[in-house]
A.B. asks: 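Starting off with a structure, shown below.
If you're wondering where the values come from, they're calculated on a predicted model, not measured in any experiment. Below, chains carry the letters A, B, ... as their sequence lines are ordered, and counting in each starts from 1.
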Amino acid sequence: MFGGSGLGRGGRTPGFLVRNQGMLDPQLLRSQPEALAQRLAIKGFTLDVQRLQSLDDQRKSLQTQLQELQAQRNRSAKEVGQRKAAGKDVAALIEQTSGIAGRISEIEGELDAVRRDLDALIHGIPNVPHETVPSGDSDADNEEIRRWSEPTAFDFEPVDHVSLGSGLGMMDFETAAKITGSRFVVMSREIAKLHRALIQFMLDLHTTEHGYQETYVPYLVNSNSLFGTGQLPKFAEDQFMTAGDPAYYLIPTAEVPVTNLYAQSIVSEEELPICHVCHTPCFRSEAGSYGKDTRGMIRQHQFEKVELVQLVRPDDSWQALEELTGHAETVLKRLELPYRVVTLCGGDLGFSSAKTYDLEVWLPGQNQYREISSCSNFESFQARRMQARWRNSESGKPELLHTLNGSGLAVGRALVALMENYQDENGAVVVPDVLRDYMGGLGKISP
RNA sequence: GGAGAGGUGGCAGAGUGGUCGAAUGCGGCGGUCUUGAAAACCGUUGUACCGCAAGGUACCGGGGGUUCGAAUCCCUCCCUCUCCGCCA
C-alpha cells in the first residue's frame, strides 16, 4: 500500500517517515479518496486527490517492476548456488546476473523518491471527523451540549488569579521571567501546596474511583513517539527539543509517552480496556500565540496536567469517550467548579482526533468559560501510526486498537479556576472541601 | 566516560555467505484419546505489500556497503546487559 521510507530508530533518519503507516486506513484512502476528501473538508483540510492517486500509481508501477527484477535476481542467484554445488561452471551465469543488481538499485532510487513524496502527503492528512462532529470554522461554532451549575455569584467585584496570587504573595511571574523568560510562573507556600493538592486529589480520584492505573513516564521522548500520537511531522514548531543528536522532545502532554507505551506491540484481549492516569509537566512552545492569554497562568510554556489515557477495542471507543469525559467532569464537580461541555466543530478539531469534547470551566476573572480539559477519541489514527494492536480472538489476528485521552484536568488552569471561584472580598482563597485533607486541614489561604 | 558481550518469529533460543522466512522448545489454535479434564500423540501457527488467482516481493535492532547471492562479511547509528569510573 502506501509505502514509507523506513522507520528510523534514532540515528539521523527522520523517525516519522514510517513504512506503511499512513494515518488513515490506506485501503480507504485508495478506494474512496473522494468521500474522504469530502469528510476532511469539514476539518478545513483540502485533500489533493489527484496528486495522491498519481503518486500511488507511480509507486505501484515501480514496485511491480522492482519485484519482478528481484524475483529474477533471486532465481539466478539460487541457480548459481545449485550449479556450484554440482561442480558446474557458473561464470557465464554470474556475468548475466550482475546487470540486474544495477537496474534494481536504479528503480529502488526512483521508488524511494516517490515514496518520500507520498509519505509527506499522507502523513499530513488529519484524522477524519466523526459524523456527529458539527461543521464550523472556529471555536465560535463549537456546540454546547450541557452545563453543570451556574456561574459563581459574588456580592463584590471578583478579581483574577494574577491579582489574587500576587496579593497573597504566592505567585510571581516577574521572578519566573528573570530566571527563564515569559510564560512561566513561580509559586510558593500555600498556593504551591494547593497546586500539589490538586494533583494528588485528581490522581487519587481516578485511581480509586475510576479504575485508572497510575503511571510515571519520561518527560523527554523521541521523534517516533511524537509521530505516533500525531504531533509530528506537522507540528514540530509547537515542541521544545533538545540540542543533541538524536534530538529529544519535551512532552507537550502525557498522552505522548503514555499512548506510546503500546507502540509496536500487541496486547491480549483480556488486558482491554487499558486505562492509565499520569501526572506530568507539559511543555509547549506556544508558537504563533504571541498576543494570546499573555496575562497569568492560562497559557504557559510549562504546566502540570493529570492525563487520562485509554486503549480499547474499536467497538468500545465511542462509549469510552463518554465515560472518560465523565471522569474528567467528576473532578470539576467534586471541586464544585461550574463548567460546560462543548463538542468541538470540525474547524476546531485537532489533527489526530475524530471527535473532541472540551470541558470549559467558569472563570470569574475573565467572566467567561475557558477550556480546562479536552477529551478525544482518535479511533485507529494514532494506533495505526504507532502500530498499537490487540489480538482479536474472533479473527485470531492482530488488529488496531482505538486510543482516547483527556485531561483530568489541566492543573494550572484548575488552580486558576479554583482561586477565582473561591475568592473572598479580602483577597483570600477558600480551600474546597475535597482538598482540605490534602492541605493539612487548612480552610482558607489568606495574605 | 572506559572495557567487554549482545540485539533473530508471541516468548525462549539455534543459525557465521547459497533450496533460511529461518532448527528446536514453550505458548496459541485444531484434532486423536477421555464421562470431563490433565498427560501423551498428530497437525497447524509471523507481518506487510502486489495479484482475480496461481504466485511473487520485502522484513532476522535502524541506515548504508561488499557480493551473482547477506540473518550470516564490512561501516555507521540506536538500544540492552556485565565490569570499572563518576554521580542525584
A.B. asks: Does A:K78 have a side-chain nitrogen or oxygen under 4.0 Å from the phosphate oxygens OP1 or OP2 of B:rC68?
C.D. replies: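 For B:rC68, OP1/OP2 do not have a side-chain N/O of A:K78 under 4.0 Å.
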
A.B. asks: Say you pick atom P in B:rC41 and the same atom in B:rG25; how far apart are they, in whole Å?
C.D. replies: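 Going atom to atom, P in each nucleotide, I get 10 Å.
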
A.B. asks: When you measure from the side chain of A:S98, which nucleotide among B:rC79, B:rU57, B:rC68 comes out closest?
C.D. replies: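 From the listed options, B:rC68 comes nearest.
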
A.B. asks: Using 4.0 Å as the upper bound for N to carboxylate O, is an ion pair formed by A:R299 and A:E286?
C.D. replies: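 Yes, A:E286 and A:R299 are salt-bridged.
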
A.B. asks: Can you tell me how far P in B:rU80 sits from the matching atom in B:rG15, rounded to whole Å?
C.D. replies: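 It works out to 26 Å between them.
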
A.B. asks: Expressed as a whole number of Å, how far does the C1' atom of B:rA23 sit from that of B:rU8?
C.D. replies: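 Here B:rA23 and B:rU8 have their C1' atoms 12 Å from each other.
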
A.B. asks: Mind checking A:E95 for me? I need base, sugar-phosphate or nothing, with any heavy atom below 4.0 Å counting as a touch.
C.D. replies: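 The residue A:E95 makes no contact with any strand.
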
A.B. asks: Quick check on A:Q38: does its CD atom have over 12 non-hydrogen neighbours (other residues, nucleotides or ligands) under 6.0 Å away?
C.D. replies: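 Counting neighbours around CD of A:Q38, 12 or fewer heavy atoms of other residues, nucleotides or ligands fall under 6.0 Å, so no.
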
A.B. asks: Does a side-chain N or O from A:R75 land closer than 4.0 Å to OP1 or OP2 of B:rG18, or not?
C.D. replies: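 It does not, given that no N or O in the side chain of A:R75 lies less than 4.0 Å from OP1 or OP2 of B:rG18.
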
A.B. asks: Taking atom P in both B:rU67 and B:rA54, compute the distance separating them and give it to the nearest angstrom.
C.D. replies: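 It comes out at 37 Å once rounded to the nearest Å.
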
A.B. asks: Is it true that A:D433 and A:R334 have a side-chain N and a carboxylate O under 4.0 angstrom from each other?
C.D. replies: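 Salt bridge between A:D433 and A:R334, a charged N being under 4.0 Å from a carboxylate O: no.
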
A.B. asks: Between B:rG56, B:rU47, B:rC50, spot the one nearest the side chain of A:R389, thanks.
C.D. replies: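 Of the candidates, B:rU47 comes closest.
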
A.B. asks: Hey, which of A:K193, A:M297, A:R196 is the one that makes side-chain contact (heavy atoms from CB on, under 4.5 Å) with A:M187?
C.D. replies: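 The residue from A:K193, A:M297, A:R196 that satisfies side-chain contact (heavy atoms from CB on, under 4.5 Å) with A:M187 turns out to be A:M297.
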
A.B. asks: Evaluate the ring pair (Phe, Tyr, Trp, His ring centres under 6.0 Å) criterion for residues A:Y262 and A:H276: first the C-alpha distance (whole Å), next the side-chain angles of each, then the deciding distance (0.1 Å), finally the verdict.
C.D. replies: CA-CA 12 Å; A:Y262 300 91; A:H276 288 278; 5.7 Å; yes

A.B. asks: Paired with B:rG4 by Watson-Crick or G-U wobble geometry, both distances under 3.5 Å: which nucleotide is it?
C.D. replies: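 Paired with B:rG4, as far as the under-3.5 Å criterion goes, is B:rC81.
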
A.B. asks: Could you tell me how far B:rA71 sits from B:rG65 if I compare only their P atoms? Round to whole Å.
C.D. replies: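 That atom pair is separated by 15 Å.
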
A.B. asks: What distance, rounded to whole Å, do you find between the two P atoms, one in B:rC60 and one in B:rG9?
C.D. replies: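 Roughly 10 Å separates the two P atoms.
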
A.B. asks: Using heavy atoms to find the nearest nucleotide of RNA chain B for A:Q70 and A:T97 separately, return the residue whose nucleotide is more 5′.
C.D. replies: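 It is A:Q70, whose closest nucleotide lies nearer the 5' terminus.
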
A.B. asks: Nearest heavy atom decides the nucleotide; on that basis, is A:P398 or A:G81 closer to the 5' end of RNA chain B?
C.D. replies: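 Its nearest nucleotide being more 5', the pick is A:G81.
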
A.B. asks: Quantified in whole Å, what is the P atom distance between nucleotide B:rC79 and nucleotide B:rG10?
C.D. replies: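 Result for the P pair: 23 Å, nearest Å.
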
A.B. asks: Within 45 degrees of the ring normal and closer than 6.0 Å to the centroid, is that where the cationic atom of A:R385 sits relative to A:F227?
C.D. replies: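 Yes, a cation-pi geometry.
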
A.B. asks: Could A:D89 and A:R83 be called an ion pair, given the rule that one side-chain N must be under 4.0 Å from one carboxylate O?
C.D. replies: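 No salt bridge links A:D89 with A:R83.
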
A.B. asks: Of the nucleotides B:rC68, B:rC49, B:rU57, which has the atom closest to the A:V80 side chain?
C.D. replies: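 Nearest listed nucleotide: B:rC68.
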
A.B. asks: Going by an N to O cut-off under 4.0 Å, is there a salt bridge joining A:R116 and A:D119?
C.D. replies: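 Salt bridge absent between A:R116 and A:D119.
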
A.B. asks: In whole angstrom, give me the gap between the C1' atoms of B:rC84 and B:rG28.
C.D. replies: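 Taking atom C1' in both B:rC84 and B:rG28, they lie 45 Å apart.
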
A.B. asks: Nearest whole angstrom, please: distance from the P of B:rC68 to the CD of A:E79.
C.D. replies: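 Rounded to the whole Å, the gap is 16 Å.
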
A.B. asks: From CZ of A:R391 over to P of B:rG46, roughly how many Å is that when rounded to an integer?
C.D. replies: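 Rounded to whole Å, this separation is 10 Å.
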
A.B. asks: Which atoms of nucleotides 69-74 of chain B (N or O only) lie under 3.5 Å from a protein N or O atom, and what are those distances?
C.D. replies:
none

